[in-house]
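Worksheet: one structure, shown below.
So that the names make sense, note that chain A is the first sequence line, chain B the second, and so on, each numbered from 1. Only heavy atoms go into these numbers, but all of them, side chains included; no hydrogens, no water, no symmetry mates.
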Amino acid sequence: MKKRKATEINASSMSDIAFLLLVFFLLVTTFNTDEGIQAQLPPWDPAAEETIENDRNVLKVLINQRNELLVENELIRTEELKSIVQQHVNNWGSKSNYSVSPDRAVISLKNKRETSYQFYISIYDELMAAYREILENAAMSKFQLPLQALGEDHRLQLSKQYPILISEAEF
Amino acid sequence: MSKFKKDGGKETPAISTASLPDIIFILLFFFMVATVMRETELMVQIAYPKATELQKLEKKSLVNYIYVGSPTTNHEQKYGSAPRIQLNDRIADKVEDIRDFILQERSKVDENLIGSLTTSLRVDKDVTMGIVSDIKQELRKVQALKINYSAVQKLD
């Protein structure tokens, strides 16, 4: 038998194959954009609607058709909302128009049909940010730890003490 | 001076392209890992609103998507330019269709996982709240109470 030198395989078309695969994946896939604001809707119960009107534990937040923000029927700027929510939740009964305790504080968010979705989301975002700050402060003062470093049971304890109760409705 | 002079007549060697496939493969793997398969073809235009308090949706198989927005230019003739609701691969005729959609999706998953089903509302930012309120009303009627308002990170 004749001994032959091993032939070299021409790999110049390898990059073409790789390019084809790359283009295929570029076309059929999308970047993962599954992020958003988590919310919990109240159960459907027509009889129980509108029973929470004049309650000190309920902070009434309205967004009207001109995209204006009203808290307890007073026009405010978006930046003011966070501190008002924090006052409301952390009131502990000291002011008569705010909540008795954090676990009973409710925020009633109402909007018109003509309210823009973008503005609604930005207000919802503010409310969530206010609650996150409240939780962070509570974690610091109770457990001397930042919120991210808390264990599961401590976190559960906190969220029981400061439940995020936002009711969404139309007016 | 003649020290630095090039010896004329020598050809420059060709640049080796042997590592080109490797580079392309690295790009390919990046896209394979960082992206997901397109599940449905969007028939409505959606520009997500911006927000800061975002949470990731965890289990993909336990998420139902409801798209709301103006129909794209290809579908404008058929559906008009007013915001419409898209469920899976079709545009819903009326809001009540959401109920059937949710019940249908619910029958596909395991019974003890129904409680962790989330509905992702992928709504265009220029839509008014009327249509969103109607959707929320329908979701409440079928006890699909966990929702997620899709948004993108606000950069400031």
* To do: Heavy atoms only, distances under 4.5 angstrom: which of B/Ile23, B/Leu145, B/Thr128, B/Leu139 has the most pairs with chain A? Name it, please.
  => B/Leu145
* Hydrophobic cluster identity match, A/Val106 and A/Tyr124, side-chain contacts under 4.5 Å -> no
* **B/Glu53 CD to A/Met128 CE distance, which is reported to the nearest 0.5 Å** => 7.5 Å
* To do: Output the distance between atom CE (B/Met32) and atom CG (A/Leu22), rounded to the nearest 0.5 Å.
  => 10.5 Å
* Transitively linked via ILVMFWY side-chain contacts under 4.5 Å: B/Ile91 with B/Tyr65? -> yes
* Structure fact -> Bottom line for A/Ile63: the part with an atom under 4.5 Å from chain B's heavy atoms is neither
* About how many Å separate CZ of B/Phe29 and CG of A/Leu21, when rounded to the nearest 0.5 Å? -> 9.0 Å
* Asked: Around A/Leu27, counting heavy atoms of other residues, nucleotides and ligands shown, do more than 12 lie under 6.0 Å from its CG?
  -> yes
* **Within 6.0 angstrom of A/Glu79 CD, more than 12 heavy atoms from elsewhere** => yes
* Contact winner vs chain A - B/Leu20, B/Thr52, B/Asp126, heavy-atom pairs under 4.5 Å -> B/Thr52
* Asked: What distance separates B/Tyr48 OH from A/Tyr117 OH, expressed to the nearest 0.5 Å?
  -> 10.0 Å
* Asked: Is the backbone of B/Ala51 close enough, under 3.5 Å, to the side chain of A/Asp125 for a donor and an acceptor to pair up by distance?
  -> no
* Atom pair CD1 (A/Ile17) and CG (B/Leu28), whose distance is rounded to the nearest 0.5 Å -> 12.0 Å
* Structure fact -> Comparing B/Lys141, B/Gln137, B/Lys146 against chain A, the one with the most heavy-atom pairs below 4.5 Å turns out to be B/Lys141
* **chain B contact via A/Tyr120 - side chain, backbone, both or neither, heavy atoms under 4.5 Å** => side chain
* Asked: Quick one: what part of B/Asp124 sits under 4.5 Å from any heavy atom of chain A, side chain, backbone, both or neither?
  -> backbone
* Against chain A, work out which of B/Pro49, B/Gly130, B/Ser120 has the most heavy-atom pairs shorter than 4.5 Å and name it. => B/Gly130
* Asked: So do the side chains of A/Pro43 and B/Gln143 get within less than 4.5 Å of each other, counting heavy atoms only?
  -> yes
* How far apart are the closest heavy atoms of A/Ser15 and B/Pro21, and which atoms are they? -> N-CG, 3.7 Å
* Atom pair CG (B/Leu121) and CD1 (A/Ile121), whose distance is rounded to the nearest 0.5 Å -> 8.5 Å
* Answer with yes or no whether the hydrophobic clustering places B/Ile85 together with B/Tyr67; edges join I, L, V, M, F, W, Y residues whose side-chain heavy atoms lie under 4.5 Å apart. => no
* Looking at B/Asp134 and A/Arg113, does any basic side-chain N land under 4.0 Å from a carboxylate oxygen? -> yes
* **Whether over 12 other heavy atoms sit under 6.0 Å from A/Arg104 CZ** => no
* Verdict with reasoning, B/Leu54 to A/Gln38, per side-chain contact (heavy atoms from CB on, under 4.5 Å) -> CA-CA 8 Å; B/Leu54 298 179; A/Gln38 210 82 36; over 6 Å; no
* Structure fact -> Bottom line for B/Ile131: the part with an atom under 4.5 Å from chain A's heavy atoms is backbone
* Say whether A/Tyr131 and A/Ile76 are linked into one hydrophobic cluster, either directly or through other cluster members, by side-chain heavy-atom distances under 4.5 angstrom. => yes
* **Interchain contact, B/Val123 with chain A, by part (heavy-atom threshold 4.5 Å)** => both
* **Toward chain A, the part of B/Gln55 with a non-hydrogen atom under 4.5 Å** => both
* Is A/Leu145 linked to A/Met140 within one hydrophobic cluster, defined over Ile, Leu, Val, Met, Phe, Trp and Tyr using a side-chain heavy-atom separation of less than 4.5 Å? -> no
* Should the heavy atoms of other residues, nucleotides or ligands under 6.0 Å from CD of A/Gln144 be counted, would the total exceed 12? -> yes
* Structure fact -> Scanning both residues in full, the closest heavy-atom pair of B/Lys136 with A/Glu168 reads NZ-OE1, 2.7 Å
* Check whether more than 12 heavy atoms from other residues, nucleotides or ligands sit under 6.0 Å from atom NZ of A/Lys160, and answer yes or no. => no
* **Pick from A/Glu114, A/Gln40, A/Met14 with the largest number of heavy-atom pairs that fall under 4.5 Å of chain B** => A/Gln40
* Is there a donor-acceptor contact under 3.5 Å from the side chain of B/Arg140 to the main chain of A/Leu41? -> no
